[in-house]
Amino acid sequence: VIFKQAPGEKLPVEEHSTDMVFMSMVFHHLADPEQTAHECHRILRDGGNVCIRNCTIDAMETFPYVRFFRGIRPIIEEQLASRNQIKSVFEGAGFDTVAHKVIANQISPNWRSFADKMAMRADSVLARLPDDDFHSGITLLRAYAEHADPGEPVTEEVDFFVFQR
């Protein structure tokens, strides 16, 4: 296994030298998704796969923080692609879609833990909220967590795609 850091649009990898590309929660951060898909196609051997694990706009209603943070919906709508957009990008670069599943992803064991995690503001969507919206949302989330079942896990839907060259 070799790890290299590079922008998705210009991978420092030889043509047809790779068996798999795995992207987890990265797609919405790509500067040029189409160019990244073409780069993946360039570096993969025939039969190689691109596996993408990412949230999509289609699952926004399952994101547990949406109901607590005012102003978050427009940020999500701007930042996340739809399932069809992701498929279109990779199919447009010459890939076949071989699998797509929506997975219920546990992101925290309970609401209190989730509130603590969100309070760190490490999520790329929360980081873009104005301070007032963020702080009022954390207050609402913590109030909810105080009364929630401590054994109730917090989940969201995550899309998993497999594209083949």
Side-chain angles (χ1 to χ4, degrees), residues 1-8 18-31 33 36-37 40 48-91 95-164:
V1 175
I2 298 170
F3 293 95
K4 294 184 180 183
Q5 183 176 348
T18 306
D19 294 314
M20 183 179 77
V21 174
F22 179 76
M23 294 183 225
S24 181
M25 299 305 210
V26 171
F27 187 86
H28 58 284
H29 294 292
L30 296 173
T36 299
C40 290
N49 294 314
V50 175
C51 301
I52 297 177
R53 175 187 174 271
N54 213 89
C55 292
T56 63
I57 190 69
D58 307 273
M60 179 167 51
E61 296 309 317
T62 75
F63 303 159
Y65 54 45
V66 166
R67 62 184 164 182
F68 302 106
F69 294 91
R70 185 177 64 243
I72 205 165
R73 286 176 184 276
I75 295 170
I76 292 171
E77 289 168 355
E78 175 189 327
Q79 191 166 333
L80 294 182
S82 71
R83 293 170 182 147
N84 286 337
Q85 287 170 317
I86 293 172
K87 285 179 67 174
S88 177
V89 164
F90 281 87
E91 289 173 354
F95 287 94
D96 293 322
T97 301
V98 294
H100 172 247
K101 292 199 182 282
V102 178
I103 300 162
N105 182 51
Q106 181 176 318
I107 53 178
S108 203
N110 56 53
W111 284 95
R112 189 169 289 180
S113 173
F114 178 69
D116 290 342
K117 183 177 177 180
M118 293 300 102
M120 291 189 292
R121 206 174 188 173
D123 181 280
S124 62
V125 175
L126 292 181
R128 293 180 58 196
L129 278 175
D131 288 342
D132 290 347
D133 286 359
F134 175 75
H135 294 300
S136 64
I138 287 295
T139 299
L140 290 171
L141 177 54
R142 287 197 187 281
Y144 180 84
E146 285 299 314
H147 302 292
D149 177 353
E152 178 187 356
V154 181
T155 63
E156 68 184 1
E157 288 182 0
V158 176
D159 287 78
F160 188 78
F161 298 88
V162 178
F163 300 103
Q164 189 170 63

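From a predicted model like this one, the values you see are computed outputs, not experimental measurements.
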A.B. asks: Quick check, are the ring centers of Phe68 and Tyr144 under 6.0 angstrom apart?
C.D. replies: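 Yes: the rings meet the under 6.0 Å criterion.
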
A.B. asks: Please name the pair of heavy atoms, one in Phe95 and one in Cys40, separated by the smallest distance, quoted to 0.1 Å.
C.D. replies: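 Reported closest heavy-atom pair: CZ-C, 3.8 Å.
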
A.B. asks: Which distance, rounded to the nearest 0.5 Å, do you find between the CZ of Arg128 and the CD of Glu78?
C.D. replies: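 Going from the CZ atom of Arg128 to the CD atom of Glu78 covers 4.0 Å.
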
A.B. asks: Which heavy atom of Cys55 sits nearest a heavy atom of Val158, and at what distance?
C.D. replies: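 It is SG-CG2, 4.1 Å.
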
A.B. asks: Please name the pair of heavy atoms, one in Val89 and one in Pro33, separated by the smallest distance, quoted to 0.1 Å.
C.D. replies: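 Closest heavy-atom pair between Val89 and Pro33: CG1-O, 3.5 Å.
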
A.B. asks: Tell me which one of Val66, Ile107, Ile103 satisfies side-chain contact (heavy atoms from CB on, under 4.5 Å) with Glu156.
C.D. replies: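 Only one option passes, and that is Ile107.
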
A.B. asks: Considering residues at least two apart in sequence or located in another chain, which fulfil the salt bridge (charged side-chain N to carboxylate O under 4.0 Å, His left out) criterion with Glu152?
C.D. replies: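 If we apply the salt bridge (charged side-chain N to carboxylate O under 4.0 Å, His left out) test to Glu152, skipping adjacent residues, there are no hits.
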
A.B. asks: So, using ring-ring contact (aromatic ring centres under 6.0 Å, His included) as the criterion, who are the partners of Tyr65 when residues are at least two apart?
C.D. replies: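 Expected list: none.
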
A.B. asks: Does Thr62 reach the main-chain N or O of Ala59 with its side chain, forming a donor-acceptor pair under 3.5 Å?
C.D. replies: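 Yes: the side chain of Thr62 pairs with the backbone of Ala59.
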
A.B. asks: Quick one: closest heavy-atom pair of Ile76 and Val125, and the distance?
C.D. replies: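 Taking every non-hydrogen atom into account, CG1-CG1, 3.8 Å.
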
A.B. asks: Of all the heavy-atom pairs spanning Pro150 and Asn110, show the shortest one and how long it is.
C.D. replies: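 Closest heavy-atom pair between Pro150 and Asn110: O-CB, 3.1 Å.
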
A.B. asks: Distance from Phe134 atom CZ to Met118 atom CE, nearest 0.5 Å?
C.D. replies: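 Reported value, rounded in 0.5 Å steps: 9.0 Å.
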
A.B. asks: Please report the interatomic distance NE2(His100) to CZ(Phe161), rounded to the nearest 0.5 Å.
C.D. replies: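 Here the interatomic distance stands at 3.5 Å.
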
A.B. asks: Provide the full list of salt bridge (charged side-chain N to carboxylate O under 4.0 Å, His left out) pairs with a residue in residues 104-123, sequence neighbours left out, each pair given once.
C.D. replies: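 Matches after skipping sequence neighbours: Arg112-Glu146, Asp116-Arg142, Arg121-Asp131.
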
A.B. asks: Indicate yes or no: at least one non-hydrogen side-chain atom of Asp58 is less than 4.5 angstrom from one of Ser82.
C.D. replies: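 They are in contact (side-chain heavy atoms under 4.5 Å apart), so the answer is yes.
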
A.B. asks: Between CG of Asn54 and CE of Met23, what distance do you get to the nearest 0.5 Å?
C.D. replies: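 With rounding to 0.5 Å, CG (Asn54) is 9.5 Å from CE (Met23).
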
A.B. asks: Go through the structure and list residues passing salt bridge (charged side-chain N to carboxylate O under 4.0 Å, His left out) with Asp159, not counting sequence neighbours.
C.D. replies: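 Salt bridge (charged side-chain N to carboxylate O under 4.0 Å, His left out) list for Asp159, sorted by chain: Arg83.
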
A.B. asks: Run the side-chain contact (heavy atoms from CB on, under 4.5 Å) check on His28 and Ser124 step by step: do they pass?
C.D. replies: CA-CA 10 Å; His28 58 284; Ser124 62; 3.9 Å; yes

A.B. asks: Enter the distance from Phe69:CZ to Leu141:CG here, rounded to the nearest 0.5 Å.
C.D. replies: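 So the CZ of Phe69 and the CG of Leu141 are separated by 5.5 Å.
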
A.B. asks: Give, for atom CH2 of Trp111 and atom NE2 of His147, the distance between the pair rounded to the nearest 0.5 Å.
C.D. replies: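 So the gap between those two atoms works out to 14.0 Å.
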
A.B. asks: Listing request: all salt bridge (charged side-chain N to carboxylate O under 4.0 Å, His left out) pairs with a residue in residues 59-69, at least two apart in sequence or in separate chains.
C.D. replies: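 Only Glu61-Arg73 qualify under salt bridge (charged side-chain N to carboxylate O under 4.0 Å, His left out).
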
A.B. asks: Using the rule given for side-chain contact (heavy atoms from CB on, under 4.5 Å), can you reason through Val162 versus Cys51, listing the C-alpha separation, both sets of side-chain angles and the distance that settles it, and then say yes or no?
C.D. replies: CA-CA 5 Å; Val162 178; Cys51 301; 4.2 Å; yes

A.B. asks: Return yes if some donor-acceptor pair links the side-chain N/O of Ser88 with the main-chain N/O of Asn84 below 3.5 Å, else return no.
C.D. replies: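 No, Ser88 side chain to Asn84 backbone: no donor-acceptor pair under 3.5 Å.
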
A.B. asks: Heavy atoms, side chains only, cut-off 4.5 Å: are Asp133 and Ile72 in contact?
C.D. replies: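 A side-chain contact under 4.5 Å is absent here.
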
A.B. asks: Can you name the residues that form a salt bridge (charged side-chain N to carboxylate O under 4.0 Å, His left out) with Asp149, not counting sequence neighbours?
C.D. replies: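 Scan of Asp149 (salt bridge (charged side-chain N to carboxylate O under 4.0 Å, His left out), adjacent residues dropped) gives none.
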
A.B. asks: Provide the closest heavy-atom pair for Ile52 versus Phe163 in the form atom of the first, atom of the second, distance.
C.D. replies: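 Smallest heavy-atom distance, with atoms named: CD1-CE1, 3.9 Å.
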
